[in-house]
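Position 1 is the first residue of the sequence, and the numbers go up from there.
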Amino acid sequence: MINVIVPIVEDVEGFCKFIESQKSKDVQFFVGVKSGLKDRLVLEQKNVEIHVYANTSKKEEIINSLNSCKLKKGKIVVVRRPLEPDEFHNLTNMNKDITIISSRHNNFLSKLKRFYGWIVRRFFAFTYIEDISAICFDEDLFELLSCCQDLSMATRINRYVGLDIGHVDTQREMVKREYNKIRNLLLLLLPSLFLVGSIVGAVLICVLIKPLYALTVVASIFWMSIALITWFVCFVNFARTVAVGDLRFERAEEIKEEKIKGE
């Protein structure tokens, strides 16, 4: 059995096309959709179970909520964008513990991703799954994943030691991670301004104050050191957020549960 968790907050038509292409009895879809998009979700399959969530629900919150559904023993697949039939086939038929979609991108982006990955691995002691568009967990991991309280994080952060991870190459763009870009940028900009202001202020103090005492120099160096440490901590957090998105998400609030007609 293949349990497919599908959060829908956009591109309803694309997801419908993807789901309709998979009518096998061995595939069961657990679809979470925002209430404002419910009427556009037209499916007539028996292997689909639909759950409706508040319109303010985020994709990652819906994933966490859908994990509490009655999944059947088997593989667990989390899909964040519509997949092509060959992508889904390769994803679910590769003989690996974990299989992920792997989007190809240009050299500059590759270097930037590796840089973020190095920072995250060096200071947070974990690696992240680069492309979170779709991920498949083998049946051996069912018991672990089915009771996971934060499935969203489990599909984005790689803490799986000793497991065999496979990749399915695709030319399509990877799904973007969910986080507040403006807030994240401000959390880096403010300490950057503090660092620049501290350096300028310390230099002006050393230049303008005469005579210059040793205590003044020590105090200025201490001031700049605090500003530099603050900036560095904020930069590391900025890089981590860009790499994996917000770490934790709550469960989406379910409004109504529906099952496809004919189920």
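- Under the 4.0 Å criterion applied to side-chain N and carboxylate O atoms, Asp246 and Arg183 are assigned as salt-bridge partners.
- Crowding of Lys181 atom NZ: a count of heavy atoms from other residues, nucleotides or ligands under 6.0 Å exceeding 12.
- Dense packing is recorded around CD of Glu20, with more than 12 heavy atoms of other residues, nucleotides or ligands lying under 6.0 Å away.
- Here the shortest heavy-atom pairing between Asn67 and Cys148 reads ND2-O, 3.0 Å.
- Under a cut-off of 6.0 angstrom, the local environment of CD1 in Ile182 is sparse, with at most 12 non-hydrogen atoms contributed by other residues, nucleotides or ligands.
- When side chains are defined from C-beta on, Thr99 does not count as touching His167, because their heavy atoms never get closer than 4.5 Å.
- Counting heavy atoms from C-beta outward, Leu66 and Tyr53 have side chains that approach closer than 4.5 Å.
- In the hydrophobic clustering of ILVMFWY residues, with side-chain heavy atoms under 4.5 Å counting as a link, Leu145 and Phe142 come out together.
- Shortest non-hydrogen contact noted between Ser146 and Ile76 is N-CD1, 4.1 Å.
- The nearest pair of heavy atoms linking Ile199 to Met224 is CA-SD, 3.9 Å.
- No side-chain heavy atom of Glu61 sits less than 4.5 Å from a side-chain heavy atom of Asn64.
- Under a hydrophobic clustering in which Ile, Leu, Val, Met, Phe, Trp and Tyr are joined whenever their side-chain heavy atoms come within less than 4.5 Å, directly or via other members, Leu83 and Ile2 fall into the same cluster.
- Between Asp150 and Arg248 there is a side-chain heavy-atom pair separated by less than 4.5 Å.
- Leu187 and Leu195 fall into different hydrophobic clusters, where Ile, Leu, Val, Met, Phe, Trp and Tyr are joined by side-chain heavy atoms under 4.5 Å apart, directly or via other members.
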Q: Show your reasoning for whether side-chain contact (heavy atoms from CB on, under 4.5 Å) applies to Trp223 and Ile205.
A: CA-CA 12 Å; Trp223 179 14; Ile205 288 175; 3.8 Å; yes
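- For CD of Glu13, the number of neighbouring non-hydrogen atoms (other residues, nucleotides, ligands) closer than 6.0 Å is greater than 12.
- Between Glu178 and Arg80 no salt bridge is recorded (no basic side-chain N to carboxylate O distance below 4.0 Å).
- Side-chain contact check for Ile101 versus Arg172: every heavy-atom pair is 4.5 Å or farther apart.
- By the rule that hydrophobic residues join a cluster once side-chain heavy atoms approach within less than 4.5 Å of another member, Ile165 and Phe137 end up as members of one cluster.
- The number of heavy-atom neighbours closer than 6.0 Å to CG of Asp169, taken from other residues, nucleotides and ligands shown, is above 12.
- Considering only heavy atoms from C-beta on, Lys59 comes within 4.5 Å of Glu10 through its side chain.
- Residues Leu144 and Met1 are members of separate hydrophobic clusters, defined by side-chain heavy-atom contacts under 4.5 angstrom among Ile, Leu, Val, Met, Phe, Trp and Tyr.
- Residue pairs meeting the ring pair (Phe, Tyr, Trp, His ring centres under 6.0 Å) criterion with at least one partner in residues 71-93, sequence neighbours excluded, are Phe18-Phe88.
- The minimum heavy-atom distance between Val175 and Ser133, with the atom names listed, is N-OG, 3.1 Å.
- No side-chain heavy atom of Asn47 sits under 4.5 Å from any side-chain heavy atom of Ser24.
- Residue Tyr179 places its OH atom among more than 12 non-hydrogen atoms of other residues, nucleotides or ligands, all under 6.0 Å distant.
- Atom NZ of Lys70 has 12 or fewer heavy atoms from other residues, nucleotides or ligands within 6.0 Å.
- Between Glu44 and Lys23, none of the side-chain N atoms (NZ, or NE/NH1/NH2) sits under 4.0 Å from a carboxylate O, so this pair counts as no salt bridge.
- Across all their heavy atoms, Cys16 and Arg40 have their closest contact at SG-O, 4.3 Å.
- By the 4.5 Å heavy-atom criterion applied to side chains, Lys46 and Lys25 are not counted as neighbours.
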